[in-house]
Amino acid sequence: MLQWGILRWYHVFALVLCVSTSEDFDWTKNDRTFFYYGTFPTGFSWGAGSSAYQTEGAWNIDGKGMSIWDAFAHKKGKILYNDTGDASCEGYYKFKDDINLMKDMKLNHYRFSISWPRLLPSGLKSEHINEKGIKYYDDLINMLLENKITPIVTLYHWDLPQVLQDKYGGWQNVSMVNYFNDFANLCFERFGNRVKYWITFNNPWSIAVEGYETGEHAPGMRLRGTGAYRAAHNIIKAHAKVWHMYDMQWRSKQKGLVGISLTADWGEPVDISNQRDIEAAERYIQFYMGWFATPVFHGDYPQVMKDYVGRKSGQQGLGASRLPVFSPQEKSYIKGTCDFLGLGHFTTRYVTQKNYPSGVGDSYFADRDLAELVDPQWPDPGSEWLYSVPWGFRRLLNFVKTQYGNPMIYVTENGVSEKMLCTDLCDDWRMQYYRDYINEMLKAMKDGVNVKGYTAWSLLDNFEWDEGYSERFGLFYVDFRNKNKPRYPKASVQYYKRIISSNGFPNQREVESWKRKAVETCSSSNQLLAADPLIGHMEMVTEIVVPTVCTLCILLSAIFLMFLLRGRL
């Protein structure tokens with residue numbers, strides 16, 4: 001115990017030292033140079049990710065309670081095409097098949113989440129523990145370890161028990177801090193002897209803003225200007241409480257690590273010689289990632305957030321800032337509650353100054369006083385929000401290094417989507433995306449950024465929240481119309497597998513051959529996919545029926561117009 005205590009003090013001292021010596025980020029340095037050939041350090045961990053609601057299905061099976069996403073998706077008009085995650089990838093039944101896919105890819109780790117309502121249907125540990133839910137995750141974790149795949153477990157990937165939303169207002173209520181702590185304690189108690197990497201929350205920005213400000217995500221609340229800040233405040237306190245609970249009760253026994261996963265786009269100044277643009281870009285990142293990272297690493301919200309939200313609140317005639325305040329005791333309690341930082345990243349925005357007058361009303365977005373822009377020349381492979389801008393990834397990683405004392409980083413989400421009707425498994429755009437983004441991560445590590453692992457998002461095509469099944473991020477194509485939910489490997493599976501086996505990009509000749517070989521191997525999968533009668537029917541509809549109907553409509557319109565003109569003559 002004495003030795004462990006010395007190690008803990010050393011960890012705290014090193015953290016303080018890193019913070020005190022951290023430098024300012026150089027906004028004028030933007031190296032977008034050539035492709036870098038090289039490999040990652042020995043022991044670098046390669047993986048893929050998923051989450052419970054997006055993949056498991058079995059939404060009301062074996063004693064599982066309803067989550068806020070079950071309730072939200074069942075409301076008409078909330079999800080594109082009224083899709084739901086009721087069945088999704090049927091991962092609850094097919095996890096053994098999926099682990100075999102991971103084993104074939106030689107993944108080092110698999111990131112997944114535990115469904116709170118699957119373990120605690122009423123949300124409360126004191127009321128009922130669903131042992132069938134415990135067994136499902138026991139079996140999943142055990143099989144991963146048997147195949148030498150490290151489980152990285154997220155405790156909260158957005159699926160709050162609906163009963164806690166109904167009774168208490170979800171993350172608007174500080175009581176969630178204790179309820180979440182009880183749920184986390186149950187997970188540490190049942191799985192902690194085998195799980196050594198825990199993530200408290202996935203992308204709390206989205207939970208707060210899209211769940212409680214815009215209402216785009218569950219629970220669909222539109223509490224403009226206040227809801228997001230209040231939810232975030234409680235989430236940060238819940239994260240800190242779980243970290244301290246693990247530190248006091250479990251760390252010495254289980255020797256695990258507890259972190260948080262923050263997703264952030266990079267914000268680049270439109271004009272790097274314009275100080276106002278530089279300040280706007282930094283504000284963009286501080287209102288995005290810094291909102292959560294700065295309290296966790298430094299004990300309080302970013303000063304720019306306190307200044308801007310406070311001033312806007314005053315202009316609106318409010319007696320206090322809409323941004324909640326941490327007490328001195330809370331600041332001390334929250335600071336340093338992160339053994340590693342999980343980082344999700346997908347794309348980049350150009351940012352410039354834009355003033356929003358206080359008369360436009362309360363809004364998280366108006367509080368920032370900035371505008372987001374994109375370069376029309378950036379590749380746009382799928383989702384309307386996701387552009388391929390690899391150099392932004394290196395910039396973000398270096399920003400984390402300078403702002404937060406170079407913490408240990410696990411990239412927890414990075415990937416690219418495709419159009420819904422695309423059934424070509426030779427996904428060259430995804431291979432290019434992974435190639436370029438992973439290479440920028442390698443460059444960042446050469447810059448001194450402390451990245452320990454990379455997680456491709458996602459292992460499978462899955463339910464993409466309010467976009468339903470219209471966006472596909474998977475390495476494996478899932479046929480959602482088939483009740484068996486068969487998986488088909490895309491070319492990116494082979495491409496990513498080659499990056500893993502080479503631990504990076506060894507030399508130009510070898511790397512340039514990977515895409516060609518991956519496309520060759522996906523041709524047989526394309527033939528299998530085309531042979532599926534459902535897929536064939538879809539292709540017939542899109543390639544034959546739709547053009548035919550359009551042609552008939554044009555002919556009928558022309559005939560109608562001819563008769564109309566003749567009648568007037």
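Computed from a predicted structure; not experimentally measured.
- Under the side chain to side chain contact (heavy atoms under 4.5 Å, CB included) test applied with Arg111, the options Val153, Thr150, Thr412, Leu459 reduce to a single match, Thr412.
- The ring-ring contact (aromatic ring centres under 6.0 Å, His included) test applied to Phe326 returns His233, Tyr301, not counting sequence neighbours.
- Applying the ring-ring contact (aromatic ring centres under 6.0 Å, His included) test to His109 and every residue at least two apart in sequence or in another chain returns nothing.
- Scanning for ring-ring contact (aromatic ring centres under 6.0 Å, His included) contacts around Tyr36 gives an empty result, with sequence neighbours left out.
- Shown here is Lys196, whose NZ atom has more than 12 heavy atoms of other residues, nucleotides or ligands within 6.0 Å.
- In this structure, Arg349 fails the cation-pi test against Trp385, since its NZ or CZ atom is not both closer than 6.0 Å to the six-membered ring centre and inside 45 degrees of the ring normal.
- Not counting sequence neighbours, the partners of Asp98 by the salt bridge (Lys or Arg N to Asp or Glu O under 4.0 Å) test are Arg487.
- Here Glu282 pairs with Trp27, Gln286, Gln403 under the side-chain contact (heavy atoms from CB on, under 4.5 Å) rule; sequence neighbours left out.
- With a 4.5 Å cut-off on side-chain heavy atoms, Leu262 and Trp205 do not count as touching.
- Under the rule for a side chain to side chain donor-acceptor pair (under 3.5 Å), Thr263 has no partner lying at least two apart in sequence or in another chain.
- Taken from OG in Ser113 to CD1 in Ile199, the straight-line distance is 10.0 Å, to the nearest 0.5 Å.
- If you look at Tyr333 and His244, their ring centroids are closer than 6.0 Å.
- Take Tyr434 and apply the side chain to side chain donor-acceptor pair (under 3.5 Å) test, not counting sequence neighbours, and it matches no residue.
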Identify each donor-acceptor pair in which a side-chain atom of residues 440-450 lies under 3.5 Å from a protein atom, sequence neighbours left out, and give them as a table.
from	atom 1	to	atom 2	distance (Å)
Glu440	OE2	Lys443	NZ	2.9
Lys443	NZ	Thr33	O	3.2
Lys443	NZ	Phe34	O	3.0
Asp447	OD1	Arg394	NH2	2.9
Asp447	OD2	Arg394	NE	2.8
Asp447	OD2	Arg394	NH2	3.3
Asp447	OD2	Asn398	ND2	2.9

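- Relative orientation of the Trp391 and Tyr350 rings is tilted, given thresholds of 30° and 60° on the angle between their planes.
- Both tests do not hold together for Arg498 against Tyr496: distance to the six-membered ring centre under 6.0 Å, angle to the ring axis within 45°.
- Scored by the salt bridge (Lys or Arg N to Asp or Glu O under 4.0 Å) test, Glu330 finds Lys237 as partners (sequence neighbours excluded).
- Atom CZ of Arg311 is surrounded by more than 12 heavy atoms from other residues, nucleotides or ligands within 6.0 Å.
- Within a 6.0 Å sphere centred on NZ of Lys452, heavy atoms belonging to other residues, nucleotides or ligands number 12 at most.
- The cationic atom of Arg224 (NZ for Lys, CZ for Arg) does not lie both less than 6.0 Å from the six-membered ring centre of Phe365 and within 45° of the ring axis.
- Checked against ring-ring contact (aromatic ring centres under 6.0 Å, His included), Phe292 has no partners two or more places apart in sequence or in another chain.
- In this structure, Glu216 has no salt bridge (Lys or Arg N to Asp or Glu O under 4.0 Å) partners at least two apart in sequence or on a different chain.
- In this structure, Arg435 is not positioned above the aromatic face of Tyr495 in the sense of NZ or CZ being under 6.0 Å from the six-membered ring centre and within 45° of the axis.
- Partners of Arg322 according to the salt bridge (Lys or Arg N to Asp or Glu O under 4.0 Å) rule, which considers only residues two or more places apart in sequence or in another chain, are Asp362, Asp367.
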